[in-house]
Amino acid sequence: MRKQLSTLVVCLLWSWTAVMAQGGIGMSPNGKISVEVKDQCVVIQYGQQLVLEVRTPTDQGLLFVGKVTADYQMLTGKRQHCQNEANEYQVGKAVLRIYNDGIALRDADVAYRIPEGTPRWMQQWCDSYEGFFPFATTYKVEPIPSYSGISKSAEGWNNRWGYPALIEPQKGVFTLITEANIEKGQSASCLYNDGEWFRVTPAEGITGKTSDHTPWRVVIIGTLKDVVESTLVTDVSKPCRIADTSWIHPGVVSWVYWAYNHGSNDYDIIKKYVDMAATLHLPYVLIDAEWDEMKAPYTIEDAVNYARSKSVKPLIWYNSSVGWVDGAPTPKFRLNKSEDREKEFAWCEKMGVAGVKIDFFSGDNQKNMDYCIDLLESAAGHHLLVNFHGATIPRGWQRTYPNLMSTEGVYGAEWYNNVPTFTDKAACHNATLPFTRNVIGPMDYTPCTFSDSQHPHITTNAHELALTVLFESGLQHLADKPESYFAQPDQVQQFLSELPSVWDETFLIDGYPGRFVILARRSGHRWYVAGINGLDVPQYFSVSLDFMQNDQKITAFADSEHSSWDIRTMNKVPREIHLQPRGGFVWVIE
């Protein structure tokens with residue numbers, strides 16, 4: 001009888017959804033999001049509050065098509081088991097899906113209205129996506145001269161923006177705008193604005209065969225908790241195309257570049273980072289640029305063999321040779337042609353290389369998107385993990401090609417090497433990224449730097465440690481030098497040795513972009529709770545972790561007012577948190 005009633009309820013909901021659509025209103029399965037077509041606009045409400053208007057070229061109403069479900073496993077990301085459902089509609093020639101946490105739209109002519117006065121965190125466009133997400137309430141901001149691809153309106157304001165774009169259209173209600181499921185024959189897009197209207201504009205350079213449909217235009221909608229925990233970008237992306245994924249293993253990496261502001265042409269320095277990985281039980285070491293110019297008498301084969309002798313799996317760097325080429329580091333032009341790429345990846349596989357970091361792409365045009373897909377497919381054929389740098393942001397490839405472990409596309413710790421700007425802005429920026437860039441996919445920020453590189457940092461040690469939990473990446477590169485990590489207390493070294501890069505669950509506990517963030521992530525039977533202060537003043541918070549048992553074994557890492565660390569063991573989850581200026585904390589809960 002219960003099964004019959006459940007079937008009846010489902011049938012009634014389907015019938016009600018279809019009737020509502022015929023009346024002009026579409027709904028998410030959970031009823032929180034509603035959509036109506038008015039005056040060539042898709043008008044989106046959340047809890048009966050207007051959150052976004054999307055301009056389309058039709059006034060035709062919504063035609064209910066059917067239910068769409070997503071239920072799949074991920075090898076990386078904020079959770080391994082992902083589930084979602086949507087009601088799908090036809091709107092003229094466009095396809096619209098209304099999910100429980102947002103909408104996805106396939107349409108060639110889309111623009112979003114962001115009214116003046118709306119709080120927003122948006123990045124001015126540059127081809128590497130290495131910029132800040134400053135808080136603003138207006139589009140009237142000056143272009144940043146150092147950015148590539150800048151564009152000005154007639155009034156002189158910046159009018160080109162990258163994804164993702166986070167706005168707060170109603171107090172406590174947020175929308176995050178991005179796109180997903182880039183396929184061959186498609187370019188990625190960005191936003192150009194004419195006043196309050198921000199139009200989706202594909203990148204220049206369409207060549208050869210093009211796709212018969214657009215990527216999904218994605219808008220995640222809800223509370224900040226809904227936004228941060230959403231998997232909508234991968235929900236709408238194509239399923240895994242790799243038959244055997246048993247060889248794909250995310251993990252933590254020791255990384256040479258940050259401390260030396262240079263590549264990997266020195267065998268003795270490479271050995272230091274291999275030894276660090278072995279001592280801290282990290283599975284990977286990255287041998288960065290210039291390994292093909294290693295100082296005699298050593299070669300890349302010597303470095304790879306040394307890593308393998310220590311049971312550390314080596315990753316090696318390549319120049320994509322489509323972006324920065326002249327004056328850029330080597331090796332170059334080894335991956336551009338199909339036959340060269342196959343030869344190079346076969347050599348990597350035979351030598352025992354576990355993956356490749358490919359750097360310096362040149363924007364979002366169709367040629368680059370096709371090239372990235374070719375690289376992912378070829379690398380998978382040779383059991384190679386992939387990390388894209390100087391590249392576009394994630395748009396769902398991490399589901400389709402799970403050997404894609406991470407993507408840069410972020411203003412990360414590497415910038416301590418380049419300009420002094422990051423020193424004063426890092427804390428606020430770090431407290432913004434979990435609500436913006438990292439929502440949409442893995443982010444190779446290269447966190448956890450206790451020492452200084454070319455320019456100093458003023459975030460605390462506990463803030464830096466917290467970034468390893470707050471920032472999700474299938475390959476989590478530890479950027480600091482070996483002697484800096486070995487100078488830390490034994491508990492910190494053990495924390496790094498046991499640090500997961502795969503999460504079973506992710507929950508936002510509290511936060512607000514730029515001010516603070518507190519996240520909880522689970523790996524197996526162990527919880528990691530981490531938080532940071534984005535402000536230059538202390539902050540105090542009350543927290544509730546009702547989904548956890550009260551009696552636990554907790555190792556707590558925090559800032560001390562009198563030394564570098566305050567590390568304690570506790571049996572109960574604290575209810576209050578005190579964060580020092582630009583400070584942080586981590587709890588490891590067994």
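Sequential numbering from 1 along the given sequence is applied to the chain's residues.
- For K38, the salt bridge (Lys or Arg N to Asp or Glu O under 4.0 Å) partners at least two apart in sequence or on another chain are E36.
- S501 places a side-chain N or O within donor-acceptor distance of the main-chain N or O of G474, the cut-off being under 3.5 Å.
- A donor-acceptor contact shorter than 3.5 Å links the side chain of R437 to the backbone of P442.
- Checked by atom type and distance alone, the side chain of Q186 pairs as donor or acceptor with a backbone atom of E183 at under 3.5 Å.
- Annotation: ring-ring contact (aromatic ring centres under 6.0 Å, His included) contacts of F174 (sequence neighbours excluded): none.
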Stepwise side chain to side chain donor-acceptor pair (under 3.5 Å) test for T56 and D107:
CA-CA 8 Å; T56 64; D107 197 339; 5.1 Å; no
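- Aromatic ring centres of F198 and Y192 lie farther apart than the 6.0 Å criterion allows.
- Remark: E408 CD to M443 CE distance equals 10.5 Å, nearest 0.5 Å.
- In this structure a side-chain-to-backbone donor-acceptor pair under 3.5 Å is present from S28 to I33.
- Applying the ring-ring contact (aromatic ring centres under 6.0 Å, His included) rule to W527 yields the partners F507, F547; only residues at least two apart in sequence or on another chain are considered.
- Side-chain N/O atoms of E116 and T138 include a donor and acceptor closer than 3.5 Å.
- Distance check, rounded to the nearest 0.5 Å: CG of L467 to OG of S473 gives 12.5 Å.
- For residues 43-55, the salt bridge (charged side-chain N to carboxylate O under 4.0 Å, His left out) pairs, not counting sequence neighbours, are E53-R113.
- Using modelled atom types and a 3.5 Å distance limit, the side chains of S189 and Y163 yield a donor-acceptor pair.
- Here N87 contributes atom CG and K67 contributes atom NZ; the two are 4.0 Å apart, rounded to the nearest 0.5 Å.
- For S320 and D359, the side-chain atoms include no donor-acceptor pair closer than 3.5 Å.
- Remark: W161 engages N193 in a side chain to side chain donor-acceptor pair (under 3.5 Å) (not counting sequence neighbours).
- Two residues are said to be in side-chain contact when any heavy atoms from C-beta on lie closer than 4.5 Å; D510 and V543 fail this criterion.
- Scanning all heavy atoms of the two residues, the minimum distance from S544 to R575 falls at CA-NH1, 3.8 Å.
- Within the structure, the salt bridge (charged side-chain N to carboxylate O under 4.0 Å, His left out) test picks out the following pairs touching residues 210-222 (sequence neighbours left out): E179-R217.
- Legend: residues meeting ring-ring contact (aromatic ring centres under 6.0 Å, His included) with W247, ordered by chain and number and at least two apart, are H383.
- Listed by chain and number, the residues in a side chain to side chain donor-acceptor pair (under 3.5 Å) with D235 are Y72, N84, T231 (sequence neighbours excluded).
- Using modelled atom types, no side-chain atom of H525 and backbone atom of R522 make a donor-acceptor pair closer than 3.5 Å.
- N368 places no side-chain N or O within 3.5 Å of a backbone atom of F361 that could act as its donor or acceptor partner.
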Practice task
Might you work through the side chain to side chain donor-acceptor pair (under 3.5 Å) test for D444 and T407, ending with a clear yes or no?
Solution key: CA-CA 6 Å; D444 195 16; T407 300; over 6 Å; no
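- The heavy-atom pair separating G355 from L384 by the smallest distance is N-CD2, 4.0 Å.
- Applying the ring-ring contact (aromatic ring centres under 6.0 Å, His included) rule to pairs touching residues 102-124 yields W121-F135, W121-Y512, sequence neighbours excluded.
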- Can L315 and V356 be said to form a side-chain contact (heavy atoms from CB on, under 4.5 Å), step by step? CA-CA 5 Å; L315 314 168; V356 291; over 6 Å; no
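- Note that the SG atom of C372 and the CD1 atom of I182 stand 10.5 Å from one another [nearest 0.5 Å].
- Side-chain contact annotation: S230 with D101, donor-acceptor N/O pair under 3.5 Å present.
- Within a 6.0 Å sphere centred on CD of Q48, heavy atoms belonging to other residues, nucleotides or ligands number 12 at most.
- Considering CG of D504 and CD of Q80, their distance stands at 4.5 Å, rounded to 0.5 Å.
- A heavy-atom distance below 4.5 Å is found between the side chains of W587 and I577.
- Within the 4.5 Å cutoff, no side-chain heavy atoms of T76 are placed close to those of P402.
- The heavy-atom pair separating I440 from Q398 by the smallest distance is O-NE2, 3.3 Å.
- Partners of K357 under the side chain to side chain donor-acceptor pair (under 3.5 Å) rule, at least two apart in sequence or in another chain, are D288.
- Here M405 contributes atom CE and Q476 contributes atom CD; the two are 12.5 Å apart, rounded to the nearest 0.5 Å.
- The closest side-chain heavy-atom distance from M74 to V502 is not below 4.5 Å.
- Closest approach of L470 and N438 over heavy atoms only: O-OD1, 3.6 Å.
- Classification of R521 and E472 as a salt-bridged pair fails, no side-chain N sitting under 4.0 Å from a carboxylate O.
- Screening residues 79-94 for salt bridge (charged side-chain N to carboxylate O under 4.0 Å, His left out), with sequence neighbours left out, gives E88-R97.
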Contacts under 3.5 angstrom, residues 373-380 side chains, donor-acceptor by atom type, not counting sequence neighbours:
| unit_1 | atom_1 | unit_2 | atom_2 | d |
| --- | --- | --- | --- | --- |
| D374 | OD1 | K184 | NZ | 2.4 |
| E377 | OE2 | Y401 | OH | 2.8 |
| S378 | OG | E342 | OE2 | 2.6 |

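- Residues L105 and V54 meet the side-chain proximity criterion, which asks for heavy atoms closer than 4.5 Å.
- A donor-acceptor pair under 3.5 Å links the side-chain atoms of N181 to the main chain of K238, judged by distance alone.
- Here the side chain of R160 pairs no donor or acceptor atom with the backbone of W125 at under 3.5 angstrom.
- For the pair L62 and Q90, the minimum side-chain heavy-atom distance is 4.5 Å or more.
- For the 3.5 Å distance criterion, the side chains of T69 and D71 fail to qualify, holding no donor opposite an acceptor.
- Put simply, the side chain of R399 reaches to within 4.5 Å of the side chain of P239, judged on heavy atoms.
- You'll find the side chain of L96 reaches within 4.5 Å of the side chain of I103, heavy atoms only.
- Considering all non-hydrogen atoms of both residues, I248 and L385 come closest at CG2-CD2, 3.9 Å.
- Using a 3.5 Å distance cut-off with no hydrogens or angles, the side chains of H81 and E505 do not pair a donor with an acceptor.
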message: If you apply the rule side-chain contact (heavy atoms from CB on, under 4.5 Å), what do you find for V228 with V517, and how did you get there?
response: CA-CA 11 Å; V228 169; V517 59; over 6 Å; no
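- Between the side chains of Y445 and N430, at least one donor N or O sits under 3.5 Å from an acceptor N or O.
- The backbone N or O of T214 lies less than 3.5 Å from a partner atom in the side chain of R106, making a donor-acceptor pair.
- Judged purely by atom type and a 3.5 angstrom limit, S187 has no side-chain atom pairing as donor or acceptor with the backbone of N365.
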